[in-house]
Amino acid sequence: MEGRYVSQKISKVRWRPVSGSSLQSPECFATGSWDSEQNKVCLWVTGEMENTKPDQLFLDDPKPVCAIDHNGDVMDLQFLDQERIITASSTGSVTVFRHHLNSETLSVLQRWERAHYHSHGSAPCTSLVCDGPEIITVGEDGRINHFQADRKEPVRTIDNADSSSLNAVTFLRTTELLTVNSIGQLKIWDFRQPGNKPSQIYSLTGERVPLHCVDRHPNQQHIVGTGGQDGTLCIWDVRQGSIPISLLDAHSAEMWEVHFHPSNPDHVFTCSEDGSLWHWNASVITPDLPSFLQQGRRNFSLNSTVPHAEMNQSVSSAWLTMDAAKGRVDIDNLLSAYVLSVNSLDVVGEHLVCGTDAEAIYMTSNLEL
């Protein structure tokens with residue numbers, strides 16, 4: 001399968017937000033690189049789609065628009081809005097870049113140099129999430145920072161949020177964060193509360209498998225997907241700890257990203273060190289077809305003040321109704337016969353883009369949803 005060679009290993013890729021109608025197709029995306037003497041942040045535009053096959057992942061020959069040097073590996077990358085991009089660096093810094101539309105250039109607007117650090121030196125900033133001007137970063141130092149795009153000083157820092165590396169972060173709600181760490185824990189943080197303690201802690205019983213990625217269901221905020229070192233896709237219901245949790249045997253190596261489709265969340269996309277890019281479809285759960293996928297039920301330890309009797313036992317998503325003995329999720333590997341790591345993906349509508357260690361970008365504009 002052919003790909004667009006980009007001469008750098010791609011660690012992160014994100015579509016630029018589309019203005020106006022949500023039905024409009026995305027036309028621009030950003031990439032960040034890693035493991036190069038000089039890493040870069042690049043912007044790309046896509047061309048017209050022609051002669052495509054419905055069942056084939058193809059590259060629509062994206063064209064580079066502009067690029068800028070980046071200090072350290074790009075550990076995470078998000079669009080703050082249509083003109084601003086924010087990155088997390090292996091050096092511990094967090095940088096806001098601006099895309100100047102008139103000159104088609106990128107420049108540095110703001111940089112927090114030592115957002116993450118150890119006493120003996122820098123610590124990688126592993127993940128970030130943004131909502132309007134609000135920016136949250138986490139790192140290998142176990143620190144959580146709350147920045148605002150136009151302020152030099154952090155709004156708040158939780159210095160000892162975690163004794164292990166925080167590997168990913170997302171918003172659960174406007175004032176609540178959700179983090180995953182290197183000892184298999186998922187934690188909720190309420191920014192309305194003082195102190196450095198999470199409001200809830202979840203972990204699979206007996207498991208210490210590092211979690212690398214997390215994403216929240218776009219419509220039902222209590223449903224969360226995680227992936228980690230063992231390649232397993234975990235679906236959590238953070239309202240309660242007593243209901244079954246779905247564990248789906250997935251990739252044969254580390255899962256680097258998990259994404260619910262933003263408008264069709266019965267569809268989930270994951271990518272892995274093993275070179276696979278999977279499309280999971282829970283809307284067509286089939287009871288009788290043979291499959292190598294297994295769903296299991298495991299209890300997980302929940303530190304919660306909610307009494308068991310008050311917990312809501314209703315299920316509200318296909319991801320929470322899979323029967324351990326019968327249900328099988330339909331999956332499709334979008335990159336067959338691939339060998340190098342697929343590090344990042346992003347999906348909007350029928351459009352998916354992914355970045356790899358083969359120094360190539362792959363795209364499709366005809367996902368079957």
Side-chain angles (χ1 to χ4, degrees), residues 9-16 26 29-35 57 73-79 85-88 90 124-130 136-139 165-171 178-182 184 186 209-218 223-236 248-262 264-265 267-281 319 331-335 338 340-348 351-358 360-364 367:
K9 296 178 181 178
I10 300 300
S11 56
K12 290 293 169 181
V13 58
R14 295 289 181 260
W15 289 112
R16 184 172 69 185
F29 62 88
T31 60
S33 69
W34 79 287
D35 198 29
L57 189 82
D73 296 338
V74 178
M75 303 291 287
D76 203 355
L77 180 152
Q78 303 288 340
F79 277 90
I85 300 168
I86 182 167
T87 63
S90 59
C125 178
T126 53
S127 179
L128 61 88
V129 64
C130 47
I136 306 295
T137 71
V138 299
S165 173
L166 289 170
N167 295 332
V169 61
T170 191
F171 280 109
L178 192 149
T179 61
V180 296
N181 67 16
S182 60
L186 188 152
V209 177
L211 294 174
H212 296 321
C213 54
V214 61
D215 195 30
R216 187 203 71 196
H217 192 289
I223 301 174
V224 174
T226 64
Q229 184 171 288
D230 62 358
T232 300
L233 173 61
C234 298
I235 305 296
W236 311 69
L248 297 104
D249 290 336
H251 304 279
S252 60
E254 292 91 340
M255 184 189 298
W256 294 129
E257 286 193 356
V258 54
H259 290 283
F260 286 94
H261 191 283
N264 292 280
H267 297 261
V268 164
F269 299 83
T270 60
C271 61
S272 171
E273 179 75 23
D274 66 10
S276 58
L277 172 65
W278 282 16
H279 174 188
W280 305 71
N281 184 0
W319 293 107
I331 67 156
D332 185 18
N333 186 4
L334 300 178
L335 281 177
Y338 200 72
L340 293 180
S341 179
V342 183
N343 298 321
S344 182
L345 70 96
D346 199 16
V347 59
V348 176
H351 305 268
L352 182 145
V353 60
C354 70
T356 74
D357 270 358
I361 302 166
Y362 292 89
M363 290 174 53
T364 185
L367 290 172

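This structure is a prediction, so every number in the text was calculated from the model and none was measured. Side chains included, hydrogens not; waters and symmetry mates left out as well; all remaining heavy atoms used.
- In plain terms, the two heavy atoms of Gly225 and Val258 that are nearest each other are O-CG1, 3.6 Å.
- A donor-acceptor pair shorter than 3.5 Å cannot be found between the side chains of Asn333 and Ser276.
- Counting only heavy atoms from C-beta outward, the side chains of Thr232 and Val209 never approach each other to under 4.5 Å.
- Side-chain atoms of Leu340 and Thr356, non-hydrogen and from C-beta on, never get closer than 4.5 Å to each other.
- Side chain of Arg16 to main chain of Phe79: no donor-acceptor pair is present (N/O by atom type, distance under 3.5 Å, no hydrogens or angles).
- Note that the CG atom of Leu334 and the SG atom of Cys354 stand 8.5 Å from one another [nearest 0.5 Å].
- With hydrogens and angles disregarded, no donor-acceptor distance shorter than 3.5 Å links the side chain of Thr364 to the backbone of Leu352.
- Of all non-hydrogen atoms in Cys130 and Phe171, the two that sit nearest each other are C-CE1, 3.9 Å.
- Taking the ring-ring contact (aromatic ring centres under 6.0 Å, His included) definition, one finds that His261 meets it with nothing, sequence neighbours left out.
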- What do the steps show when you test Leu77 against Ile85 for side-chain contact (heavy atoms from CB on, under 4.5 Å), and what is the final call? CA-CA 7 Å; Leu77 180 152; Ile85 300 168; 3.8 Å; yes

- Does the side-chain contact (heavy atoms from CB on, under 4.5 Å) test come out yes or no for Val342 and Tyr362, once each step is laid out? CA-CA 10 Å; Val342 183; Tyr362 292 89; over 6 Å; no

- Item | Verdict with supporting geometry, Thr270 and Ser272, side-chain contact (heavy atoms from CB on, under 4.5 Å) | CA-CA 7 Å; Thr270 60; Ser272 171; over 6 Å; no

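- Looking at heavy atoms from C-beta onward, Cys271 lies out of side-chain contact with His259 at the 4.5 angstrom threshold.
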- Full working for side-chain contact (heavy atoms from CB on, under 4.5 Å) between Arg14 and Ser344: CA-CA 8 Å; Arg14 295 289 181 260; Ser344 182; 3.2 Å; yes

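- In this structure the side chain of Cys213 never reaches within 4.5 angstrom of the side chain of Asp215, judged on heavy atoms.
- Panel note: side chain Trp34, backbone Ser90; no donor-acceptor pair is recorded below 3.5 Å.
- For the pair Asp73 and Ser11, the minimum side-chain heavy-atom distance is 4.5 Å or more.
- Here the shortest heavy-atom pairing between Met75 and Lys12 reads O-CE, 3.0 Å.
- Between Asn167 and Ser127, the closest side-chain pair of non-hydrogen atoms is not below 4.5 Å.
- For the atom pair CG (Leu367) and CG (Asp332), the distance works out to 9.5 Å, reported to the nearest 0.5 Å.
- Atoms CG and CD1, from Leu128 and Ile136 in turn, are 10.0 Å apart once rounded to the nearest 0.5 Å.
- Taking CG from Asp230 and CG from Leu211, the interatomic distance works out to 8.0 Å, rounded to the nearest 0.5 Å.
- Interatomic distance, Thr226 OG1 to Leu233 CG, rounded to the nearest 0.5 Å: 7.0 Å.
- Counting heavy atoms from C-beta on, the side chains of Leu345 and Trp256 never come closer than 4.5 Å.
- With sequence neighbours excluded, no residue forms a salt bridge (Lys or Arg N to Asp or Glu O under 4.0 Å) with Asp346.
- Remark: His279 pairs with His267, Phe269 by the ring-ring contact (aromatic ring centres under 6.0 Å, His included) rule, at least two apart or across chains.
- Asp357 places no side-chain N or O within 3.5 Å of a backbone atom of Ser341 that could act as its donor or acceptor partner.
- In this structure, His251 and Trp278 have tilted ring planes: the angle between them lies in the 30° to 60° band.
- Between the CD1 atom in Ile223 and the NE2 atom in His217 there is a gap of 4.5 Å [rounded to 0.5 Å].
- Trp280 is listed as a side-chain neighbour of Leu248, based on a closest heavy-atom distance under 4.5 Å.
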